[in-house]
Amino acid sequence: MALLELDRVSVSFAGLNALTDVSFTLEAGQIRAIIGPNGAGKSTLFNAITGYIPAHAGTVRFAGRDVRGMLPHRISALGMRRTFQNGGAFASMTVLENVLSGLSQQTASSAIGLLFGLPKARAAERQALARAHALLDLMGIAALADRKTADLSSGQQRIVEITRALAAKADLLLLDEPAVGLSASERDHLMRVLRGLAADGIAILLVEHTIDLVMAVSDCIAVLNYGQLIADGKPEAIRSHPAVLEAYLGKH
Ligand SMILES: Nc1ncnc2c1ncn2[C@@H]1O[C@H](COP(=O)(O)OP(=O)(O)OP(=O)(O)O)[C@@H](O)[C@H]1O
């Protein structure tokens, strides 16, 4: 069974069909990119999957559950995390604090215990710190732990945001344009990070305009145009797909 399964998902805004009958699957450990021209429906698709807007028709199944109509925080608690186009890391916090804030959903219940110095709460706090440091290591930003996030390059801030999204347990990560503003070396680092996460079994859905990155990192690519899936396949097939060349790549 696929981790994520979309079956004829449709979304309309006041009569405009932003998505029409979009279907695809994503397995654990797979990286799937969603590409398409501006206004093709990529953000709408992310929002429909994560519960930020309702899909008007079709089904969205995640980890065997129908999540259509569920609130975003409920879907997120099932292990689906996302980042946003305009970045979501807290600029005034340190990198470590950002990652801990991603964990806070899981540790909030222990806050009162912590206040009263209860041993269980202290143990939970130690665990949270250990997990945050392990994640910083995994993402290659351990040396930045105590730096203020606002002082980092935009590429480093993107990695911090992804790390924060991973802090609570994630089986599926949705990344909205993670390579925006990244230098070539930061992009290479991001690619290695994404492949590493996939190798650990995390599924990744990626909206990205940087075609080189998409081609290099994706197992499969879905192409949207005017809200419809016009192609879906491996990078090499997408690169030479006539409808894609006409609708998207041909414009570059
Ligand atoms: N809240 C909304 N109300 C009305 N129309 C919307 C809304 N959100 C998106 N749309 C429309 O739905 C269509 C798809 O937009 P969407 O933002 O999903 O495209 P996109 O592929 O993410 O574009 P971009 O690459 O520019 O981010 C567009 O025609 C857009 O104008």
Side-chain angles (χ1 to χ4, degrees), residues 4-26 31-60 62 67-73 75-76 80-89 154-155 157-158 161-162 165 172-182 187 190-191 194 203-218 220-233 235 238-239 241-252:
L4 177 72
E5 196 176 335
L6 269 63
D7 187 23
R8 286 165 291 155
V9 170
S10 299
V11 174
S12 60
F13 297 109
L16 171 96
N17 292 331
L19 288 178
T20 308
D21 287 341
V22 173
S23 304
F24 63 73
T25 59
L26 183 64
I31 302 181
R32 170 184 275 289
I34 313 285
I35 64 170
N38 290 336
K42 304 179 296 294
S43 299
T44 303
L45 182 62
F46 261 30
N47 288 333
I49 294 170
T50 51
Y52 283 79
I53 56 166
H56 299 117
T59 49
V60 180
F62 175 63
V67 298
R68 183 162 78 101
M70 257 190 214
L71 291 171
H73 71 278
I75 298 178
S76 164
M80 187 196 291
R81 308 278 156 186
R82 70 175 292 182
T83 65
F84 291 87
Q85 222 169 73
N86 300 320
S154 61
Q157 291 189 27
R158 289 261 153 191
E161 193 199 353
I162 296 170
L172 169 62
L173 198 54
L174 293 93
L175 305 178
D176 203 345
E177 301 197 17
V180 167
L182 266 58
R187 222 181 283 165
L190 176 69
M191 253 190 282
L194 297 185
I204 297 172
L205 205 54
L206 181 72
V207 163
E208 183 52 59
H209 285 290
T210 314
I211 291 300
D212 291 350
L213 182 140
V214 164
M215 290 291 169
V217 85
S218 308
C220 50
I221 301 175
V223 188
L224 282 176
N225 197 25
Y226 296 111
Q228 298 197 2
L229 210 60
I230 58 167
D232 184 9
I238 293 300
R239 200 188 280 279
H241 196 294
V244 178
L245 291 175
E246 189 184 330
Y248 188 76
L249 297 173
K251 291 184 178 173
H252 286 251

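Ligands are counted one by one from 1 in listed order, and the atoms in each one are counted from 1 as well. For reference, positions follow the sequence shown, starting with 1. Not measured: the values here are computed from a predicted model.
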What I'd like to find out is whether the side chain of Ile221 reaches to under 4.5 Å of the side chain of Met215, using heavy atoms alone. yes
Are Ser10 and His56 close enough that some pair of their side-chain heavy atoms sits under 4.5 Å apart? no
Taking only heavy atoms of the protein into account, state which residues are under 4.0 angstrom from an atom of ligand 1, in chain and number order. Phe13, Leu16, Ala18, Pro37, Asn38, Gly39, Ala40, Gly41, Lys42, Ser43, Thr44, Gln85, His209
Do the non-hydrogen side-chain atoms of Pro54 and Arg68 ever get within less than 4.5 Å of each other? no
Results of side-chain contact (heavy atoms from CB on, under 4.5 Å) for Ala231 - residues two or more places apart only: Val223, Ile238, His241, Val244
Is the charged tip of Arg32 near the ring of Phe24: under 6.0 Å from the six-membered ring centre and within 45° of its axis? yes
Are Val9 and Ile49 side-chain neighbours, meaning at least one heavy-atom pair lies under 4.5 Å? no
